[in-house]
There are 2 protein chains.
Amino acid sequence: MAETNARGSAPTIRDVAALAGVATSTVSRALSNPDRVNRATRERIEKVAAELNYVPSSQARGLSSGRTNAIALLVPDVTNPFYFDIIRGTQNQLKAAGYTQLLVDTEESAEMEADTLQKMQRTADGFILAASRLTDAQILEAASSQAIVTINRSSANAPTVVIDTPGAVVQALEHLTSLGHTRICYVGGPASSWSNAKRWKTFEDESRDRGLTTSRVGPFTPKTTSGAAAADAAARTGATACIVFNDLLAIGMLQRLRERGIRVPEDMSIVGCDDIFGADFCNPPLTTMASPIEQAGRVAVSMLLAQLDPLHAGSSRRLAVMPTHLTVRGSTGPVSPTS
Amino acid sequence: MAETNARGSAPTIRDVAALAGVATSTVSRALSNPDRVNRATRERIEKVAAELNYVPSSQARGLSSGRTNAIALLVPDVTNPFYFDIIRGTQNQLKAAGYTQLLVDTEESAEMEADTLQKMQRTADGFILAASRLTDAQILEAASSQAIVTINRSSANAPTVVIDTPGAVVQALEHLTSLGHTRICYVGGPASSWSNAKRWKTFEDESRDRGLTTSRVGPFTPKTTSGAAAADAAARTGATACIVFNDLLAIGMLQRLRERGIRVPEDMSIVGCDDIFGADFCNPPLTTMASPIEQAGRVAVSMLLAQLDPLHAGSSRRLAVMPTHLTVRGSTGPVSPTS
DNA sequence: CAACTTTTGGCAACCGCTTGCCGCACCATT
DNA sequence: AATGGTGCGGCAAGCGGTTGCCAAAAGTTG
């Protein structure tokens, strides 16, 4: 396979040009703007390029065109299965559009997020911020100089895809009350999380409307390991059901409750959020507010690419709301007469 | 914040040079080769750069230096939790070294893998191939022109980090025989998987040595959804215990067995492999051959970076074997007297 | 057939940064 | 004072493409 030119390095556009007997500009056009050159010429160039195994350097291309054909995805924690579904969604969609995904873990830190945004401004054509920890002002500033889409972080300052957790909370409440629960506890996630605030607010408002007795524990780190503390705290409130910030935490609670002999759902019903990998096979399977996370990632990419494309810019949607639904599994049940 | 120069675009090295009253070359050196310039000059330049909010373009830098400071991670399926852990490991290590990770899903296709390797040769400084589907010859060819490290795919042609599954299989067999099992079934993964072949071979050899009755079913796609077919096939063999290609498949089997009323571990013991997220909280919790997957990712990065660094090149390790151990949980138990 | 358009390809100037080479200044030797 | 280092900064030639502008060739039209 002819992989190297006379100089021993990868073939460049010049090598192709020389071999095809045309100027480099013609090669460039033949490859990226086919209509601009004569068909016969183009075919000859394509043939030579194929023979030489020529691959245009995206670096060089980016230098003159100013585009990198890469977009960065910033997630607070690659460890969290929730983000894996986003990663998967964006990855798919980006690949389909011929973009490369740059994955960055911002370690739940707003500073690191801002820093990355700054450092990579030249590296990526656009950014997708999943569950951003930035302030509205920071997002505004960032969005003024680069293409940005946020996921689960509504802000008037950048196009957003939000998952309709409020809607899901209503469904969960509906479900729990229909099972006879009246004392319900909200198990909170990170204080800096926008969606946590939203979920809590909806929970509180809706519970009040229904005359339920509510309590709240937290904040907890959204990891299974925090489940023990969360379970203990929730148990102390005397609630018969919990709506938990996310599945990770809920699964952790399940384990702790079992250890303590608190039966789920007989003694305590648990509703998680997200329907992550594992929610269907934990013990008992988790009733959860299912979010189309992967789809959210895909939509975010579409919105971002639309922003990038001068044709659509401005006309594109600024907000996408992803519908949710309650997936009922084994972790919720009727309130037991004894409790 | 001064983010743009007179021309309205992001500041370049020239803007900095002009403002600092030096040549661009001096700026370049001050920033990337500090010892080469006078301290006072450097500090002045640094100050101006900070003021201007200057960020060097990695594209341009790459063009002249020939390096991109990015490495690509190719995984067969981003969906699979096993790869999550690898992604996490490489991500961490790469970030620490100042590299960017390019994540690519090759969709279990050797062709796509080869294609990516080719297309990205200019985009990445090196490649990490997780569970590569390529042939030895293809790996050899790729490794001849670019830095490559493989994970779980031993081949003399590129440095590799392998997870010692054979060792784990021995431990699993030991465990099962000590529980009284004599009829054991191996539930196979993808035919194209190198580690699957390895595991099976070890299983067979070791079982023979111990005089066990073995059977084999498969190949199955390593997904929970294939668990049903796998469980049915395994049940038919009359085995009292299964060693399963990976946890995903094992978890799927667990579900199916429960549906069918086959009790785990009373009627059937199950040993998975990898100890992925979820293995500890499925029902029953899965006994599994735990692999330090994340660490494998980290080691792979170290080996790759060593390869890239002219100082270490050649002297670096070509093979790293990650130790494994059996994690015993609820899915294995003594063979029941009735079976 | 002249005049005019359109198509097609080449020239050359970048894009932003790196780096080999050169030369000036300044200091230490002899 | 002449000589030789050494430190430091500038010049300019790339790296591999893209693209505006121009001119030659080919096609159209009355």
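In the text below, chain A, chain B and the rest are named by the order of the sequence lines, each starting its count at 1.
Of all nucleotides listed (dG16(D), dC22(C), dG9(C)), dC22(C) comes nearest to the side chain of Arg36(B). When distances are taken from the side chain of Leu63(B) to each of dG16(D), dT18(D), dT19(C), the shortest belongs to dG16(D). Listed nucleotides: dT18(C), dG16(C), dT8(C). Nearest to the side chain of Asn38(A): dT8(C). Closest to the Ile13(A) side chain, of the nucleotides dT18(D), dT18(C), dC11(D), is dT18(D). Taking the side chain of Arg122(A) as heavy atoms from C-beta on, and the options dG20(C), dC17(C), dG17(D), the nearest nucleotide is dC17(C).
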Show me the side-chain donor-acceptor pairs of residues 16-33 of chain A shorter than 3.5 Å, one per line, residues at least two apart or across chains.
| unit_1 | atom_1 | unit_2 | atom_2 | d |
| --- | --- | --- | --- | --- |
| Ser32(A) | OG | Ser28(A) | O | 2.8 |

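For the residue pair Trp194(A) and Asn152(A), the shortest heavy atom distance occurs at CE3-O, 3.5 Å. The two residues Gln307(A) and Ile148(A) come nearest to each other via the heavy atoms NE2-O, 3.1 Å.
In this structure, Arg42(A) places its CZ atom 15 Å from P of dT7(C), rounding to the nearest Å. Whole-Å rounding puts the Asn33(B) CG to dT18(C) P distance at 10 Å. Asn69(B) places its CG atom 11 Å from the P atom of dT18(C), with the value rounded to the nearest Å. The distance from atom CZ of Arg44(A) to atom P of dG9(C) is 8 Å, rounded to the nearest whole Å. Whole-Å rounding puts the Asp125(B) CG to dC15(D) P distance at 18 Å. Put simply, CZ on Arg29(B) is 8 Å from C1' on dC8(D), counting in whole angstrom units. Here the P atom of nucleotide dT6(C) and the CG atom of Asp35(A) are 17 Å apart, to the nearest Å. If you measure from atom CG of Asp15(A) to atom C1' of dG16(D), you get 10 Å, rounded to the nearest angstrom.
An OP1 or OP2 oxygen of dC15(C) is reached within less than 4.0 angstrom by no side-chain nitrogen or oxygen of Arg67(A). Note on Thr41(A): a side-chain N or O is less than 4.0 Å away from OP1 or OP2 of dG9(C). Dashed line: the shortest gap from a side-chain N or O of Ser64(B) to OP1 or OP2 of dG14(D) is not under 4.0 Å. Between Ser28(A) and dT18(D) there is a side-chain N or O to OP1 or OP2 distance below 4.0 Å.
Here Val55(A) lies in heavy-atom contact (under 4.0 Å) with sugar-phosphate atoms only. Contact annotation for Ala23(B): backbone-only contact, meaning every heavy-atom pair under 4.0 Å involves sugar-phosphate atoms and none involves a base. Contact annotation for Ser25(B): base contact, defined as any heavy-atom pair under 4.0 Å involving a base atom.
Residue Thr26(B) is the one, among Thr26(B) and Arg14(A), whose nearest nucleotide of DNA chain D lies closer to the 5' end (criterion: closest heavy atom). Summary of the strand contacts: Gln59(A) and Gly21(B) both lie near DNA chain D, and taking for each the nucleotide with the nearest heavy atom, the more 5' one is attributed to Gly21(B).
Here the side chains of Arg153(B) and Ile139(B) are in contact, with some heavy-atom distance below 4.5 Å. Between Phe82(B) and Asp77(B), every side-chain heavy-atom pair lies at or beyond the 4.5 Å cut-off.
Every side chain to side chain contact (heavy atoms under 4.5 Å, CB included) that Leu63(A) has, sequence neighbours left out, goes to Ala60(B), Leu63(B).
Between the side chains of Gln101(A) and Thr90(A), a donor-acceptor pair is found at a separation under 3.5 Å.
Direction of the helix axis in the helix from dC1(C)-dG30(D) to dT30(C)-dA1(D) shifts by 40° between the two five-pair termini, rounded to 10°.
No option in Glu107(A), Glu113(A), Glu108(A) other than Glu108(A) meets the side chain to side chain donor-acceptor pair (under 3.5 Å) test with Arg133(A).
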